[in-house]
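Notes for the one structure printed next.
Please read these numbers as outputs of a predicted model, since none were measured by experiment. Only heavy atoms go into these numbers, but all of them, side chains included; no hydrogens, no water, no symmetry mates.
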Amino acid sequence: MPITLNQHRIGVTQTVVAKFSDDRKPKKGFTSIFPVQTTDAREVSIEVERNNQPMAVDVQRGTGGNRNTFTKSTEKIFVPPYYEENFDFTACERYDVTFAQGNAPTRMDAGMLVRSAMRKVEKLKNKIERAKELQRAQVLQTGIVVLKNGDSIDYKRQAGSMPVLTLGNRWNQAATAKPLDNFKTGMDFLRQEGLSGATVINAIMGSAAFNNFMATTQIKEQAEWRKINRIDLNMPQFDNVSGMAFQGQVAAGDFIINIWTYNEFYTDENGAKQTYLDTNTVVMVPDDFEGITQHAGVPAIMGDDATGKYIAPMEGEYYTRDVIDEIKMTWDFIIASAPLVIPVSVDRIYTIKTV
């Protein structure tokens, strides 16, 4: 089909040499702690069985020994939150000079339409990715996934895993703060309550917490102790994919701590910039922590016009579809996902509110 005069004029007189967008793929520093899994089930569950590492006690021969009883594992069932984002395809570039004019798109027009739609779908996917990263941050800081349209999910973290430092113990009190002692307390909790067997801990800090940490007298004195290299804090090595910056290592007791900073942010529903990790917070996670970002099944349209259509859950991180709404007179492209961040070994997280 020949192109219209309007299309011809645009093709000849208008050339886009570059396009700027401040949207970028979100950094997902906590993804390595909560790797992705998928299922087609609507609900997801975990089983929790606590064992306090009891020790056998010797007995007299012939007495029958010690009879053991075991607590039943507790199954917790969750319905993951559902995210659905959409946009009107008729707002895409070149739509107004193709379908809107009743004209079949040329190869150039079709390519621009597809690229425009893909960019918008990617932006919507990024919005959901940020929501998942916020879930991870909430689990690591409070143990509660806060939802706007549903019951928030509380993983019942122990109060002892979330200390709030007071008075001279706060890290902004450089002369009296003892961050290495705080680390030692945290690692004792991870070993005794979380039953972690790790000797390497990852400590992820907000920017203010790290600055205060470096300024404390205890850290300065430790860094000047040259007989044994107990501290090795270097220039940050920035991971451009995760957004994490590796700052070095420090020893506390018989543990090695990898120091990271994470200062990525998102824009909330009010337009305000918020960091995923509170700037005065430190999260300690051992190497043997277990957590997942579980994606439940998303309702999808199955079948076809010939055999009949029906709705069934589909397994996957995302489900995209398009629909023409004859009431609203829109052509909507829709992307949906149902993720939930789950701390399987919930007692292997230790969070310090440093100020």
Side-chain angles (χ1 to χ4, degrees), residues 29-30 32-33 137 139-143 157-239 242-264 275-289 347-355:
F30 295 138
S32 60
I33 303 174
V139 168
L140 291 172
Q141 291 175 94
T142 66
R157 284 184 56 184
Q158 296 186 45
S161 72
M162 299 178 288
V164 179
L165 303 183
T166 58
L167 303 175
N169 294 318
R170 294 171 177 163
W171 286 11
N172 59 351
Q173 304 296 315
T176 56
K178 303 291 183 183
L180 296 181
D181 296 5
N182 301 143
F183 281 159
K184 178 63 168 57
T185 301
M187 290 180 289
D188 288 342
F189 177 93
L190 294 173
R191 177 165 288 180
Q192 296 170 12
E193 299 297 327
L195 305 181
S196 170
T199 56
V200 176
I201 309 294
N202 292 293
I204 307 167
M205 301 185 181
S207 57
F210 179 72
N211 291 336
N212 289 333
F213 171 80
M214 294 293 289
T216 59
T217 301
Q218 185 184 50
I219 293 301
K220 290 180 177 180
E221 291 176 349
Q222 187 82 343
E224 292 173 359
W225 185 25
R226 301 301 182 185
K227 293 181 180 179
I228 301 177
N229 186 17
R230 300 277 293 176
I231 191 166
D232 183 16
L233 294 178
N234 304 309
M235 292 295 291
Q237 301 174 32
F238 189 75
D239 183 339
S242 71
M244 291 278 191
F246 179 64
Q247 303 286 356
Q249 291 182 322
V250 62
D254 56 349
F255 298 91
I256 297 296
I257 306 168
N258 293 325
I259 304 294
W260 302 83
T261 51
Y262 186 51
N263 299 307
E264 281 299 306
T275 55
Y276 293 106
L277 180 63
D278 178 80
T279 58
N280 284 299
T281 294
V282 177
V283 175
M284 298 172 60
V285 182
D287 280 351
D288 58 357
F289 171 80
D347 291 334
R348 293 182 186 173
I349 309 172
Y350 192 80
T351 307
I352 307 172
K353 186 72 171 177
T354 63
V355 174

Side-chain ([X]) to main-chain ([Y]) donor-acceptor, under 3.5 angstrom:
X: D288; Y: G197; value: yes
X: R157; Y: V139; value: yes
X: N169; Y: L165; value: no

Where is the tightest heavy-atom contact between [X] and [Y], given as atom of each residue plus distance?
X: G168; Y: T176; value: O-OG1, 2.7 Å
X: A198; Y: F255; value: O-CE2, 3.8 Å
X: T351; Y: L140; value: OG1-O, 2.5 Å
X: L190; Y: D347; value: CD2-O, 3.9 Å
X: W171; Y: A209; value: CE3-O, 3.5 Å
X: A137; Y: Y276; value: CB-O, 3.4 Å

Close side-chain approach of [X] to [Y], heavy-atom, < 4.5 Å:
X: M284; Y: N202; result: no
X: I349; Y: V283; result: yes
X: F246; Y: I259; result: no
X: M205; Y: W260; result: no
X: T261; Y: I204; result: no
X: Y350; Y: P163; result: yes

From [X] [atom1] over to [Y] [atom2], what is the distance, rounded to the nearest 0.5 angstrom?
X: S32; Y: M244; atom1: OG; atom2: CE; answer: 6.0 Å
X: R170; Y: N212; atom1: CZ; atom2: CG; answer: 12.0 Å
X: M187; Y: L180; atom1: CE; atom2: CG; answer: 8.5 Å
X: N182; Y: T216; atom1: CG; atom2: OG1; answer: 9.5 Å
X: L277; Y: E264; atom1: CG; atom2: CD; answer: 11.5 Å

- prompt: Does a side-chain N-to-carboxylate-O contact under 4.0 Å join D278 and K353?
  reply: yes
message: For a side chain to side chain contact (heavy atoms under 4.5 Å, CB included) check, start with the C-alpha distance between T281 and T354, then their side-chain angles and the critical distance, and finish with the verdict.
response: CA-CA 6 Å; T281 294; T354 63; over 6 Å; no
task: Begin with the C-alpha distance, continue with both residues' side-chain angles, and end with the deciding distance and a verdict on side chain to side chain contact (heavy atoms under 4.5 Å, CB included) for I256 and I201.
output: CA-CA 6 Å; I256 297 296; I201 309 294; over 6 Å; no
- request: Please list, chain by chain and in numerical order, all residues satisfying salt bridge (charged side-chain N to carboxylate O under 4.0 Å, His left out) with R191, sequence neighbours excluded.
  value: D254
query: Does the separation of the ring centres of Y262 and F30 fall below 6.0 angstrom?
result: yes
field: Residues that S207 engages under side chain to side chain contact (heavy atoms under 4.5 Å, CB included), provided they are two or more places apart
entry: N263, T279
- prompt: Does a donor on one side chain sit under 3.5 Å from an acceptor on the other, for D181 and Q218?
  reply: yes
